[in-house]
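Inspection log for the structure reproduced underneath, given as structure tokens.
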Amino acid sequence: MKLDRLGDFQRTHRNGELGLAQAGQTVRLLGWCRKARNLGSLIFIDLRDRWGVVQLVANEETASPELLAKLKVVRGEFVLGAEGVVAEREAKNPNMATGDIEIRLTDLRIFNTAQTPPLPVDDAGQEANEDLRLKYRFLDLRRDKLQRNMILRSEVANITRNYFRKHDFIDFETPILGRSTPEGARDYLVPSRVHSGEFFALPQSPQLYKQLLQVSGFERYIQICRCFRDEDLRADRQPEFTQIDVEMSFVRQQDVQTMIEGLMVELAPLAGQTAVAPFLRLPYKDAMEWYGSDKPDLRCATKIQDVTALFAQSEFNLFRTAADSHGQRRVRALFFPGEQAGGYSRKQLDELQDVAKHLGAGGLPYAKWGKEGFASSFKKFVDAEAETALRTALGASAEGLAVFAVGTDAQTSKVLGEMRLRLAKTLGQMDESRFEFLWVVDFPLFEWSEENQRFVACHHPFTSPHPDDLELLATNPGACRAVAYDLVLNGYEVGGGSIRIHDAETQSRMFRAIGIGEAEAREKFGFLLDALSYGAPPHGGLALGLDRLVMLLAGVDNIREVIAFPKTAQARCLMTDAPNTVDAKQLRELRIQTETPQQYRAGVMFFESVPAELQAPIAALRTLSTSQPSSTSTMVLDGEIVKVETTRIPGPEFE
RNA sequence: GGGGUUGUAGCUCAGUCGGUUAGAGUGCCAGCCUGUCACGCUGGAAGUCGCGGGUUCGAGCCCCGUCAGCCCCGCCA
């Protein structure tokens, strides 16, 4: 089929903006065919562009033979230009924004055809599997849902830039090629050709640069920047992600928080929500105690309770030994009121217990008060008096379900934190229509790393110790609090920051506390120590996860839905097949040798042009190093270009 | 690194106890159709049951391995 040329065919209107106001006008529109409905001598086409969908119509009596011929070949996703007159419809469609009107076609241009899409492009049907969506991301992105998400994302970025500009922040760009740092996540490394054997690291965050810009006197820094972490993925974690990175001079914790709250107040309406500043400030210790999480979801009111003392005299050994442990181990509980909770079935409780076990619990003791009265996994240890005591302690006035965890605070927090969210959701005791912002503050400065057998910085090693805890730095680092704060929304950490250390002496003490000696500190962070010694102002800031924020504003539960070209959970791009192996020549230039655990050989599938007598030589000849289980490559054999499908076979270790 | 789960037509899925020629909806193709908008009606094509091996008279179904997607734990300053 001969395609039309765009030539000077320009749109006069966007599809979404047409209505009865334009009736009678001749318009030119552009877009994709969402759907063609051919009723014989009457043909409808739904034309989609970024702004909406409008119905085109033509009938046999009035349309020219040329126009009719074109209309009959149009299929889904063809790229069209339409010229026609806006007319009030005979049959209006109240479900469609432009449902009052249609375009009576006078001319149609077909700028491109399209194969039948491998996945549904409209949102009406069922969504395709995600691997398919990721492979054909360019088509998936045509869908309304993703278009809306991308537009929302752009809105968030624009509002953010305007907000900070309004507050005199300066927009910076910091290096993508930087220095690998010892603390924190694994770095993505970039080999340097010029300096063979040496590597740049992609930034996990522009942390040090933004601090140095405070030393330089810019006072207010903002950057919307890409960050990279070579760690395993989650539904809310990608290896490259976008931060709204903020840093300010001459500020206290509350100044940074107030600034960020102002931004949230402006962003919340994008989700039809209202954010009311100031947000709740919840100490880390209380968050862990009440919610078992450092990012509590406050849309559920239920709190964890300590019921250890109730079992001091109990014959239930599991619980009593905790009571005897002088606080080392505790019995903690969650109580959910209501008929539904009290009527929880054995099967449901077993499922919950499985989850608890996966989180490291031995089981999930429970007690429930329902239609059949009191039931519990440890009922034989609970007499009437004990039951009353338990009931009173839990505030269980009527029916309901309590689940228990016993162990160290870390253990019980992990289990009950998860149970709290699960039960709240399944029992409908989580108001998912609300937005609940809060600040979690007073984080510990350090945590013990089993792997390294030393304390490591919880946030990062530039975080200011809490002024009241300075002397603990050397004596009891584990108890030292930090001036660090996380912004939490609906159980997600959407941002985190701190007041930084701004004097070289405190910074040195900090390095000492985490086992970085003078010489090592000098070598790795000499530039920072230098900077701090030349008049660094008191400063602090925070970084917001843009992707997560947009995810929550969009009301979706996966970060991939708000990223145009995301990676899979295995950190691969299904569309481009990145990462991929590179030419030996490239590696030689970089003086890099690779160890490949398996060798790959040309496989068994050949394309039409390969004569039979050449197939065996090809199979024998080619040994490929590729991470792909199979791939197609082109090679020249006896002067003939052939395509070879290579498949991976197990082989000896590659030398 | 570990655990769970999924993989059957272009797409979404069903497939019983291992037993005839592997089905449905949708999409696609063809014909008919002047008010559709999830158009309708009639007909048709369409399958490496992810891949490899095994058990069996017989495997989509059972076993072993493997690849890929998703979720979680560890990890993520």
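Residue numbering restarts at 1 for every chain, and letters A, B, ... go by the order of the sequence lines. Heavy-atom basis, side chains included; hydrogens, waters and symmetry copies ignored.
Applying the Watson-Crick and G-U wobble criteria (two distances, each under 3.5 Å), A24(B) pairs with U12(B). Remark: C33(B) base-pairs with no nucleotide; criterion is Watson-Crick or G-U wobble with both hydrogen-bond distances under 3.5 Å. If you check C70(B) for Watson-Crick or wobble pairing at under 3.5 angstrom, you find it paired to G4(B). As the counterpart of G65(B), C51(B) is assigned, both hydrogen-bonding distances of the Watson-Crick or G-U wobble pattern falling under 3.5 Å.
Comparing the same atom, P, in C28(B) and in G23(B) gives a spacing of 23 Å after rounding to whole Å. G15(B) and G19(B) are spaced 14 Å apart, taking the C1' atom of each and rounding to whole Å. Comparing the P positions of A22(B) and G3(B) gives an interatomic distance of 37 Å, to the nearest angstrom. Spacing of P atoms, C61(B) relative to G2(B), comes out at 26 Å, to the nearest Å. Only the C1' atoms considered, C72(B) is 45 Å distant from C29(B), to the nearest whole Å. Comparing the P positions of G52(B) and G18(B) gives a spacing of 23 Å, expressed to the nearest Å. As rounded to the nearest Å, U20(B) and G58(B) have P atoms that lie 15 Å from one another. C11(B) and G54(B) have their P atoms separated by 29 Å, with the value rounded to a whole Å.
Counting heavy atoms from C-beta outward, Cys225(A) and Pro206(A) have side chains that approach closer than 4.5 Å. Inter-residue side-chain proximity for Pro239(A) and Leu233(A) is flagged as met; some heavy-atom pair is nearer than 4.5 Å.
Using a 4.0 Å heavy-atom cutoff across all strands shown, Thr181(A) reaches no nucleic acid atom at all. Nucleic acid contact class of Glu130(A) (heavy atoms, under 4.0 Å, all strands): sugar-phosphate only. Residue contacts shown for Ala569(A) are limited to sugar-phosphate atoms, with no base heavy atom under 4.0 Å away. Contacts of Lys92(A) with the nucleic acid, taken as non-hydrogen atoms under 4.0 Å apart, include base atoms. In this structure, Leu233(A) reaches neither bases nor backbone, as no heavy-atom distance under 4.0 Å exists between it and the strands shown. Within the nucleic acid shown, Thr568(A) comes within 4.0 Å of sugar-phosphate atoms alone, with no base atom in reach, counting heavy atoms only. No engagement by Asp122(A) is indicated, since no non-hydrogen atom pair under 4.0 Å with the nucleic acid exists.
Less than 4.0 Å separates RNA chain B from at least one heavy atom of each of the following residues of residues 67-78 of chain A: Arg75(A).
For a distance-only test at 3.5 Å, the side chain of Arg89(A) qualifies as a donor-acceptor partner of the base of C37(B). Taking 3.5 Å as the limit, the base of C75(B) and the side chain of Arg237(A) contain a donor-acceptor pair of atoms between them. You'll find a donor-acceptor pair under 3.5 Å spanning the side chain of Glu102(A) and the base of G35(B), going by distance alone.
A sub-4.0 Å separation between OP1 or OP2 of C72(B) and a side-chain N or O of Lys414(A) is absent. Arg37(A) has a side-chain polar atom (N or O) that falls below the 4.0 Å cut-off from OP1 or OP2 of C39(B). Look at Asn38(A) and you won't find any side-chain N or O under 4.0 angstrom from OP1 or OP2 of U34(B).
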Check nucleotides 1-9 of chain B for protein N or O atoms closer than 3.5 Å to its own N or O atoms and list the pairs.
from  : atom 1 : to        : atom 2 : distance (Å)
G1(B) : O6     : Asp232(A) : OD2    : 3.4

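Going from atom CG of Leu574(A) over to atom C1' of A68(B) covers 8 Å, rounded to whole Å. Distance, Met575(A) CE to A68(B) P: 19 Å, rounded to whole Å. As a whole-Å value, the separation of Leu134(A) CG from G69(B) P is 9 Å. Regarding Glu447(A), its CD atom lies at a distance of 8 Å from the P atom of C76(B), rounded to whole Å. Rounded to a whole Å, the CD atom of Gln126(A) is 17 Å from the P atom of G10(B). Rounding to whole angstrom units, CD of residue Gln55(A) and P of C39(B) are separated by 11 Å. Atom CD in Glu60(A) sits about 13 Å away from atom C1' in C32(B), given to the nearest Å. Regarding Leu42(A), its CG atom lies at a distance of 13 Å from the P atom of C33(B), rounded to whole Å.
Comparing C70(B), C76(B), U36(B) by their nearest atom to the side chain of Arg560(A) picks out C70(B). Each of C37(B), C11(B), C73(B) was ranked by its minimum atom distance to the side chain of Asp46(A); first place goes to C37(B). You'll find that the side chain of Glu61(A) is closest to U34(B), out of U34(B), C11(B), U36(B). Of the candidate nucleotides C39(B), G69(B), C72(B), C39(B) has the atom nearest to the side chain of Leu39(A). Of the candidate nucleotides G69(B), C37(B), C71(B), G69(B) has the atom nearest to the side chain of Asp131(A). Nearest nucleotide to the Ser41(A) side chain, out of G10(B), U34(B), C75(B): U34(B).
In this structure, Asp294(A) contributes its side chain and Val440(A) its backbone to no donor-acceptor pair below 3.5 Å.
Taking 4.0 Å as the cut-off between side-chain N and carboxylate O, Lys414(A) and Glu418(A) do not count as a salt-bridged pair. In this structure, Arg137(A) does not pair ionically with Glu561(A), as no charged nitrogen and carboxylate oxygen lie closer than 4.0 Å. The existence of a salt bridge linking Asp122(A) and Arg48(A) is excluded, since no basic side-chain nitrogen approaches an acidic carboxylate oxygen closer than 4.0 Å. Ion pairing of Asp245(A) with Lys210(A) is present here, as a side-chain N (NZ or NE/NH1/NH2) and a carboxylate O approach within less than 4.0 Å. Look at Glu231(A) and Arg237(A) and you find no salt bridge, because none of the NZ, NE, NH1 or NH2 atoms lies under 4.0 Å from a carboxylate O. Salt-bridge check for Asp469(A) with Arg481(A): passed, with a basic side-chain N closer than 4.0 Å to an acidic carboxylate O. A salt bridge is defined here as a Lys NZ or Arg NE, NH1 or NH2 lying under 4.0 Å from an Asp or Glu carboxylate O, and Arg104(A) with Glu102(A) meets this definition.
Nearest-nucleotide mapping onto RNA chain B: of Lys567(A) and Val57(A), the residue sitting toward the 5' end is Val57(A).
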Practice item. Evaluate side-chain contact (heavy atoms from CB on, under 4.5 Å) for Thr408(A) paired with Thr412(A), printing each intermediate quantity in order. Key: CA-CA 6 Å; Thr408(A) 63; Thr412(A) 52; over 6 Å; no
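Tested against Tyr136(A), the residues Asp140(A), Leu134(A), Leu139(A) include a single side-chain contact (heavy atoms from CB on, under 4.5 Å) partner, Leu139(A).
In this structure, Phe443(A) and Tyr284(A) have tilted ring planes: the angle between them lies in the 30° to 60° band.
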